[in-house]
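Down below is the structure, laid out as structure tokens.
Below, chain A is the first sequence line, B the second, and so on; all start at residue 1. These values consider heavy atoms only, across backbone and side chains, with no hydrogens, waters or symmetry-generated copies.
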Amino acid sequence: MHDTPDDVAAPAAGSRGDGGQPATSSYDFATAEPRWQRAWAERGCFLAEDVPAGDRPKYYVLEMFPYPSGRIHMGHVRNYTLGDVVARYKRARGYAVLHPMGWDAFGLPAENAARERGTHPARWTWDNIATMRGELQRMGLSIDWSREFATCDPAYYGQQQRLFLDLLAAGLVERREAWVNWDPVDRTVLANEQVIDGRGWRSGALVEKKSLSQWFFRITRFAPELLAALDGMDRWPERVRTMQARWIGRSEGARLAFALASPEAGIECVEVYTTRPDTLYGMSFLALAPEHPLAAAVAARDPAAAAFVAECRRLGTSEAVIETAEKRGYDTGLRVRHPFIEGATYPVWIANFVLMEYGTGAIFGCPAHDQRDLDFARACGLDVRPVVLPPGADAATYAIGSEAYDGPGTAFNSGFLDGLDQAAAKSAAIARLVALGIGEGVENWRLRDWGVSRQRYWGCPIPVIHCDACGIVPVPDADLPVRLPDDVTFDRPGNPLDHHPTWKHVACPRCGAAARRETDTFDTFVDSSWYFARFCSPHSARPLDRAAVDHWLPVDQYIGGIEHAILHLLYARFFTRAMQATGHVQVAEPFAGLFTQGMVTHESYRAADGAWLYPSEVDRRPDGTAARRSDGAPVTVGRVEAMSKSKRNTVDPGAIIGRYGADTARWFILSDNPPERDMEWTEAGVAGAWRFVQRVHRLAAGDVGPVPPPPSWGSVAMELRRATHRTIAAVTEALDGFAFNVAVARLHELANAIGAADRAAAETGGAEPGGADLRWARREAVDMLARLAAPMMPHLAEEVHARLHPGTDALLAEAPWPEADPALVAVASVTVAVQVMGKLRATIELPVGADSATAFAAAEAEPNVARALADRRVVKRIHVPDRIVNYVLAA
RNA sequence: GCCCGCCUGGCGGAAUGGUAGACGCAGCGGACUUAAAAUCCGCGGCCCAUGGCGUGGGGGUUCGAGUCCCCCGGCGGGCACCA
């Protein structure tokens, strides 16, 4: 049987030593939580101003906004709890906090729902939003709901259209014919980043190549800045910065033209990009991508070449990735001249490992110093000629085996480059190429422009009109937003906007002739590339209000999943720079601090027939086995892994909150481990959090109202006060460092200290008559427990606060963060470890700041220490005040 | 293959180069109870125990290493023919 809160009986009365006050019954979160949520809402505790009048410093906390898929999941609970702790804590620390919420509401699932169930995407989306808003509100998040928006609202996407037209006018958008990744299942174009292992990131279908006219954001224009700025982003995780740097992929090298010994179909030379111009003397072949124009020219007259090219294309996206592609090639019979060696020529091959998309689609092969070239040379019987001599190697005998050498060294066998180190050889080679007029030093980027056209209905319409006479015409500002039509059908594949009988037919705004609307919509990553800025002035009639964004941006703390390390975060960074260039914002970078949370995991369960079972369908037995609840059939307990619908190892946040309350769910999700790591959701863990919530409630039961300060303090009261103030300091430090699990541990300790004081009080009654000092100290301790726990369990904290401060209507949500009294944090004496040769022999109690003479005397008085030192010569004595004493003995 | 991270009791984890294992979970013992639940208290790394060994393994720096350096292993993640 599973316990529910309702089954839990009231705790025993008189458990405290303060006169036998009966404790109250267990905490009724079900009425308390909504009550405090209403109180916060009525007082507008969490409302921010677009441009605040006061002089409080600003703090913008943002969690990645959710896609309204239907219900919230535990990943959301973790994400939004983390953000809420930060928001509530910073608010208490005196910041004016902006903590908004919205909906990433465009996207394919809404259209899939329309196709599968006949629900209109808008209806489906808005229903989901309503459900999920309710679930988030039950979590008690300190969100400014007056700023809420959904990206599928014309009020939002209309402004996005304005931004787009500004970017278009600024030359940051381009339309061009491009080979695109076509997802045949979703029937849409995918960005390179959305193709994973040759498959669509959402559908999993094998991606095909297709040529279409597309809109592109010119993200490559900002590649240098996007890369350089990563260095200064010290509040981003190192690995995210590394991933982005690699994605942007700057390299330095040379671009040079190889002259063909005899022209082919009018082509006289082949351009090559290389990062190793210093190894040109080691060349043994030139290789072309199968899609290279020269390869096509050869294929046009050579059926065998054509067959090889066709085979590469077939293997291209699919099997080449699955198999560990073997290097293969086709000798075209053509030859190119070496740029430096008079009269030398090399064969031109078509090779399956050369990519048309990177560099120039052709390479020169230097097998000795590039592993891929070496593999290819060995497979095709080509020369291997070393031209870089590793330090210490002998030029006469140095040879390449099965591994290419790409380390540092000195050029040899290299004509005018001989004896130069790598850097010098590179510049000398480039200088010669320039002098010969056949090449130059260049930098190259891996980053591609961002194609944003999607052949979908449920997205933001791209606000342009195609006119046969005028070409591409922006939709005039007065005609914005370009709204999606409601009356669409999903009974055939492709884009419903294109099928719509009237929507796309409009008059050209410029010449008035019949023209067509663009029927493509934006990639939904566009929607999420500026939403954080819109939150600053969500109701503005322009995309952004300069005063508001200048005040609030950048986001001080952004929190979300690592899965967005490249796509979303890079697009948002680009968009911010684009908005800066068009005068919409002042800042260049959107997110000053980034925190990436770990996943929520759970055991998975399988019945004998192999079917996955939900945790709620399974009973865990004390002996570690598991059984299906419905019939007791045995269940196999599987791996602990990320919660997913397919494995059914999900736990419904709504059910947890309904059963235990939001505070318990929040407390558990924070308590078990550091937030950047994966956490395992367990029933036992929730139950533990539930017990602590109840315990805090019990500690605040009974007579806890205001008491006059006592004239003096007994030792029990003083000890409790010290524990309280140490906790204030420790929890503050933990929250500053995102160590929420440590903050939880420190609060457990304070609760333990209150319990210990209660027991001591039962014995001594305190120093003051009637235990006035203890009553005061205890009340302080409970007060601080509630205030320090408030960012994490806000409802119960309010409940306790209200009980401690009867008659006040001040809310804890508006109260300042407590400050530790340094005099109480400081301790009078410390336990100092005594080591002999680094091994612990004793501990001694010393006054704080005791000098070395005192420390050594006390240490040597310890029998264990004296014994260890007996008959040995002490070479050195070390004393680190308040820390340690160590004796070094002669060998 | 390359890059990044991680490895501490039965489990999650804590620990400015200074007493390793805070705090919690699970466990065991006790109190309370007619009984159970709940609650409260206590115990808890390992061993040949006045001592010895212990933070994946091996080496190093240091008076002192979970922490710093080098090598190796394992696990996880990211990128992947980027010329």
- Message: In this structure, how many angstroms lie between the P atom of B:G12 and the CD atom of A:Glu683, rounded?
- Response: 19 Å
- Query: Under 4.0 Å between a side-chain N/O of A:Asn741 and OP1 or OP2 of B:A14, yes or no?
  - Reply: yes
- Reckon A:Val354 touches a base, only the sugar-phosphate, or nothing at all at heavy-atom distances under 4.0 Å? base
- Note on the structure: Testing B:A83, B:G78, B:C63 for proximity to the side chain of A:Ile363, the answer is B:A83
- Do any side-chain nitrogens or oxygens of A:Arg698 fall under 4.0 Å of OP1 or OP2 in B:A38? no
- Message: Output the rounded distance in Å from CG (A:Asp758) to P (B:U39).
- Response: 17 Å
- Within the pair A:Lys839 and B:C53, is there a side-chain N or O less than 4.0 Å away from OP1 or OP2? yes
- Task: Would you mind telling me which of B:C3, B:A22, B:G51 lies closest to the side-chain atoms of A:Glu749?
- Result: B:A22
- Donor-acceptor pair under 3.5 Å, A:Arg746 side chain vs B:A22 base: yes
- Message: For B:U39 and A:Arg695 - does any side-chain N or O of the residue sit under 4.0 Å from the phosphate oxygens OP1/OP2?
- Response: no
- Can you tell me if A:Asp383 and A:Tyr346 form a side-chain donor-acceptor pair at under 3.5 Å? no
- Query: Are any of A:Arg677's side-chain N or O atoms less than 4.0 Å away from OP1 or OP2 of B:A14?
  - Reply: yes
- chi for B:A22 classified (syn = within 90 degrees of 0, anti otherwise) as anti
- When you check the phosphate oxygens OP1 and OP2 of B:G24, does a side-chain N or O of A:Asn752 lie under 4.0 Å from one of them? yes
- Query: Under 4.0 angstrom, heavy atoms only, what part of the nucleic acid is A:Pro674 near: base, sugar-phosphate, or nothing?
  - Reply: sugar-phosphate
- For the side chain of A:Lys327, starting at C-beta, report the closest nucleotide among B:C81, B:U19, B:G64. B:C81
- Item | Short side-chain N/O contact to B:G51 OP1/OP2 from A:Asn864, under 4.0 Å | yes
- Message: I want to confirm an ordering. Mapping A:Arg446 and A:Ala689 to their closest nucleotides on RNA chain B, which one lands closer to the 5' end?
- Response: A:Ala689
- Query: Under 4.0 Å: is that the gap between some side-chain N or O of A:Tyr273 and OP1 or OP2 of B:A83?
  - Reply: no
- Note on the structure: ring pair (Phe, Tyr, Trp, His ring centres under 6.0 Å) test vs A:Phe668 passes for just one of A:Tyr660, A:Trp681, A:Phe740, namely A:Trp681
- Nearest-nucleotide pick for A:Val880, side chain only, options being B:G13, B:U19, B:G18: B:G18
- Atom pair CE (A:Met793) and CG (A:Leu670), whose distance is rounded to the nearest 0.5 Å: 9.5 Å
- Reported CE-to-NE2 distance for the pair A:Met74 and A:His602, which is rounded to 0.5 angstrom: 9.0 Å
- Confirm from the modelled atom types if A:Arg841 and B:U50 form a donor-acceptor pair under 3.5 Å, side chain to base only. no
- Base, sugar-phosphate, or nothing: which does A:Ser671 touch, judged by heavy atoms less than 4.0 Å apart? nothing
- A:Tyr358, nearest nucleotide to its side chain (from B:C4, B:A83, B:C23): B:A83
- Task: Any strand is fair game: report the nucleotide pairing with B:C32 by Watson-Crick or G-U wobble, both distances under 3.5 Å, or none.
- Result: none
- Task: Classify the angle between the aromatic ring planes of A:His879 and A:Phe856 as parallel (below 30°), tilted (30 to 60°) or perpendicular (above 60°).
- Result: perpendicular
- Tell me what A:Thr360 touches on the nucleic acid: a base, only sugar-phosphate, or nothing, going by heavy atoms under 4.0 Å. nothing
- Message: Let's see if you can work this out: which of B:C4, B:U50, B:A83 has an atom nearest to the side-chain heavy atoms of A:Ser251?
- Response: B:A83
- Task: Using a strict 4.0 Å threshold on nitrogen-to-oxygen distance, state whether A:Arg239 and A:Glu676 make a salt bridge.
- Result: no
- Inter-residue atom distance A:Leu569.CG - A:His564.NE2, 0.5 Å rounding: 8.0 Å
- Query: Rounded to the nearest Å, what distance is computed from the CZ atom of residue A:Phe740 to the C1' atom of nucleotide B:A14?
  - Reply: 17 Å
- Among B:C25, B:A83, B:U50, the one nearest A:Ala684 by side-chain distance: B:C25
